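Okay, so here's the structure we're looking at.
Just so you know, these numbers come straight off a predicted model, no measurement behind them. Values reported hereafter were calculated over all heavy atoms of this structure, with side chains retained and with hydrogens, waters and symmetry mates removed.
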Amino acid sequence: MEIEPNSIDHFKLYSQLELQEFADKFVFRSPESSTEGFSVSRYDGNIEKLNGDMSFGKPSKVSTIYGVAGTIRLLAGSHILLITSRKEVGNYLGFPIFRVMSMKFLSCNEASRHLTRQEKRDETYFMNLLTIVESTPGLYYSYETDITVNLQRRCNLTKGWMSKPVWKQADPRFVWNKNLLEELIENKLDGFIVPLLQGSFQTGHLKLKDSPATIALISRRCTRRLGTRMWRRGANLEGDAANFIETEQLLEFEGFRSSFLQIRGSIPLLWEQIVDLSYKPRLNIIDHEETPKVVERHFHDLLQRYGHVVAVDLTNKQGDEGLLSAAYAAEIQKLSSVRYVSFDFHHCCGGSNFDNIQLLYDQIAEDFEKNGYFLIDTEEKIILEQRGVIRSNCIDCLDRTNVTQSYLAGKSLDSQLQRLGALSSNECISMFTEDFEIFKIMWMEQGDEISLEYSGTHALKRDLVRYGKQTMTGLVKDGMSAISRYFLNNFQDGIRQDAADLISGRYSVNRDSPSPFQNNGFDSLSYLPVASALLIGGLTVTTITINQAGRNTNTILSSALCAGVIAGVMALVKSNGRQICSRPRLCGLL
């Protein structure tokens with residue numbers, strides 16, 4: 001298979017577009033060819049492919065954009081998602097990779113004046129969701145190749161695969177804007193269709209005793225159960241797990257290429273953890289007759305795609321986590337084709353005991369080495385194939401999972417470098433301070449990016465990845481991130497979840513659908529101001545009256561009354577925590 005960037009056999013997208021704005025339409029043209037392009041009606045969003053060198057007169061405005069990420073139809077018309085700035089962040093198999101730095105929706109909704117009063121209210125809410133979508137973090141793409149398919153699968157695809165349009169090359173699981181591309185595909189605009197990957201992309205250059213090597217780390221977030229930390233837990237009835245991510249570590253050394261895959265994903269049971277203002281809401285396992293089938297469907301898909309699966313469960317064995325872990329173990333042990341390994345990360349590696357992660361490796365070493373990694377030579381001949389995968393999870397599949405995956409990735413990297421002769425059999429990457437620092441920073445930044453996409457904050461336990469121990473600075477940063485997560489989970493993630501459901505197509509906008517404001521009750525209040533005003537106002541009044549009581553005994557009764565009122569308000573807020581917190585309006589949990 002030809003995978004060099006100078007090959008004439010690979011499909012290439014237009015890397016820059018000219019956007020011309022007219023009173024009745026937007027026109028997108030390629031600077032490379034004035035005949036290549038399409039127009040979009042500003043009235044209803046209908047798309048027309050340009051027929052030859054069509055002229056529409058003088059545009060009112062001309063600007064440069066770097067791609068069209070798709071279209072979405074709301075109640076009053078269509079909205080086009082544009083890539084307005086980008087940054088080159090490295091290359092994957094020789095092809096330049098870009099990160100989306102900013103996006104903007106162009107609205108083609110002149111028909112909005114025909115909406116009813118309720119529809120206008122709904123449309124305003126949908127438009128607010130599009131504003132959230134514009135700031136989606138961690139989106140990557142290439143104009144010259146697909147980046148959703150890992151190296152091993154690429155090399156096993158039929159010859160001529162790369163001559164297909166980039167969107168046809170892609171793995172649909174990992175195309176963030178899959179739902180947005182449908183109209184562009186229907187209009188056969190292959191050269192303008194940019195599949196976006198959400199996840200992370202990191203690169204580094206290793207010196208290795210004057211034998212340079214390049215390492216890349218690419219994480220691919222699955223879109224089948226897309227969403228936020230507290231509103232997308234567990235699996236759906238089809239067996240798709242929340243926060244499911246395939247991470248590929250790619251090594252290039254003296255013309256050889258090797259790839260090591262790991263996966264993570266939420267515990268694939270039906271369970272929830274609804275925010276209610278408490279710091280750690282209770283976990284609830286949903287009793288459903290389909291649960292065994294859900295677990296079976298999830299692992300059947302993994303076995304088909306990755307081979308042998310070792311499921312490493314890093315959750316606590318006590319409390320709610322322990323109950324969830326026990327339920328997971330009971331279901332997974334019914335599957336003879338999957339090996340389940342339980343490792344209480346907090347118990348074994350808490351404090352300064354990170355070295356105890358070796359205990360986990362000792363349990364899975366035989367499977368880990370048997371699974372191996374993928375390797376091709378300078379002529380792209382397959383030497384080794386990865387025959388299985390480690391599937392890691394904690395509760396969020398963020399912090400503990402990232403620490404564990406970085407450790408296993410280091411073990412695999414040592415094996416690959418020894419096989420290729422870059423290191424001797426008694427050497428490992430950790431012996432080379434500068435190179436090991438590059439490796440650790442890549443994994444730390446990857447963990448941060450994945451965490452931002454799911455939880456809204458940087459990852460916790462970053463110190464364990466970079467230094468192998470917790471530092472005081474790291475503990476302070478973890479505390480700040482934990483507070484930020486609490487705020488986001490309780491007061492912002494409901495609307496963020498709606499944005500994810502809208503953009504992924506899980507919620508379809510049409511005039512026959514019920515209004516997102518229907519039957520919302522107390523939830524229609526503004527979440528954070530309500531809770532904050534009640535608590536802060538009550539505390540302030542109580543404090544003032546208590547201070548006055550020290551000077552005037554006649555106010556003691558007033559102080560007691562205010563203290564009772566604030567206690568009652570706090571009880572009211574707590575008892576209505578689920579209603580006060582930000583909740584999704586568009587879709588249910590499953």
Side-chain angles (χ1 to χ4, degrees), residues 243 245 247 260 262-269 271 273 279-280 283 309-333 338-371 388-415 428-430 436 439-440 443-444 446-447 450-451 455 459-475 477-479 481-482 485:
N243 202 27
I245 296 171
T247 297
F260 173 63
Q262 298 185 77
I263 55 177
R264 70 177 77 186
S266 190
I267 290 177
L269 301 178
W271 62 282
Q273 191 176 18
Y279 178 71
K280 199 170 185 179
L283 300 176
V309 177
V310 178
V312 173
D313 180 11
L314 302 168
T315 56
N316 300 342
K317 298 308 163 229
Q318 305 297 323
D320 284 356
E321 283 194 25
L323 295 175
L324 182 62
S325 178
Y328 181 34
E331 291 296 340
I332 203 173
Q333 286 169 1
V338 179
R339 184 186 172 201
Y340 173 79
V341 176
S342 176
F343 182 79
D344 188 334
F345 186 95
H346 283 152
H347 176 73
C348 296
C349 299
S352 301
N353 298 317
F354 177 64
D355 289 345
N356 285 346
I357 200 169
Q358 179 69 37
L359 299 174
L360 169 63
Y361 184 74
D362 291 343
Q363 291 186 64
I364 64 173
E366 184 177 345
D367 287 303
F368 183 80
E369 292 168 9
K370 189 183 296 183
N371 288 345
V389 71
I390 306 295
R391 183 203 190 278
S392 302
N393 75 267
C394 46
I395 289 297
D396 299 328
C397 302
L398 296 176
D399 313 316
R400 289 171 279 184
T401 298
N402 204 61
V403 173
T404 302
Q405 286 198 338
S406 66
Y407 179 83
L408 297 177
K411 288 285 190 181
S412 181
L413 182 60
D414 289 341
S415 179
C428 59
I429 186 71
S430 61
F436 193 40
F439 169 82
K440 291 185 294 184
W443 271 94
M444 183 184 72
Q446 181 250 195
I450 287 173
S451 181
S455 73
L460 309 184
K461 299 179 175 61
R462 302 165 81 239
D463 284 355
L464 291 183
V465 176
R466 186 165 184 186
Y467 305 115
K469 61 181 181 180
Q470 291 263 228
T471 65
M472 183 55 67
T473 300
L475 287 171
K477 288 181 177 179
D478 281 358
S481 290
R485 281 187 185 180

Between W443 and A409, the two heavy atoms sitting closest are CZ2-CB, 3.3 Å

Less than 4.0 angstrom from a charged side-chain N to a carboxylate O is my criterion; do D362 and K411 meet it? no

Could you walk me through whether L398 and I450 pass side chain to side chain contact (heavy atoms under 4.5 Å, CB included), step by step? CA-CA 7 Å; L398 296 176; I450 287 173; 3.8 Å; yes

Report yes if some heavy atom in the side chain of C428 is under 4.5 Å from a heavy atom in the side chain of F436; otherwise report no. no

With rounding to the nearest 0.5 angstrom, report the NZ to SG distance, K317 to C348. 9.5 Å

Between Q273 (side chain) and L283 (backbone), is there a donor-acceptor pair under 3.5 Å? no

Run through N393, T315, N316, I395 and flag the one making a side-chain contact (heavy atoms from CB on, under 4.5 Å) with S325. T315

Between atom OG of S406 and atom CZ of F439, what is the distance when rounded to the nearest 0.5 Å? 6.0 Å

So do V341 and D313 actually touch side chain to side chain, heavy atoms under 4.5 Å? no

Mind checking what makes salt bridge (Lys or Arg N to Asp or Glu O under 4.0 Å) contact with R264, not counting sequence neighbours? none

Under a 4.5 Å cut-off applied to non-hydrogen side-chain atoms, are L314 and T401 in contact? yes

So CD of Q333 and OH of Y328: to nearest 0.5 Å the spacing works out to 11.0 Å

Which heavy-atom pair separates G447 from A459 by the least distance, and what is that distance? O-CB, 3.7 Å

Any chance you could lay out the side chain to side chain contact (heavy atoms under 4.5 Å, CB included) test for L408 and I364, step after step, and finish with the verdict? CA-CA 10 Å; L408 297 177; I364 64 173; 4.0 Å; yes

Inter-residue atom distance S392.OG - N402.CG, 0.5 Å rounding: 10.0 Å

Would you say L269 and L324 make side-chain contact, with heavy atoms under 4.5 Å? yes

Look up atom OG in S451 and atom CG in N243, then write down how far apart they are to the nearest 0.5 Å. 9.0 Å

Taking atom CD as the centre, does Q358 end up with more than 12 heavy-atom neighbours from other residues, nucleotides or ligands that are less than 6.0 angstrom away? yes

Looking at every non-hydrogen atom in both residues, tell me the closest pair between I267 and C394 and how far apart they are. CG1-O, 4.3 Å

Are any of the side-chain heavy atoms of Y407 and L360 separated by less than 4.5 Å? no

Between R400 and D344, is a side chain to side chain contact (heavy atoms under 4.5 Å, CB included) present by the stated rule, with each step listed? CA-CA 10 Å; R400 289 171 279 184; D344 188 334; 5.7 Å; no

Would a 4.5 Å heavy-atom cut-off, applied to side chains only, mark T247 and Q446 as touching? yes

Listed by chain and number, what are the ring-ring contact (aromatic ring centres under 6.0 Å, His included) partners of F260, not counting sequence neighbours? F368

P268 side chain reached by R391 side chain, heavy atoms, under 4.5 Å: yes

Nearest atoms (heavy-atom pairs only) where F354 meets V403: CE1-CG1, 3.1 Å

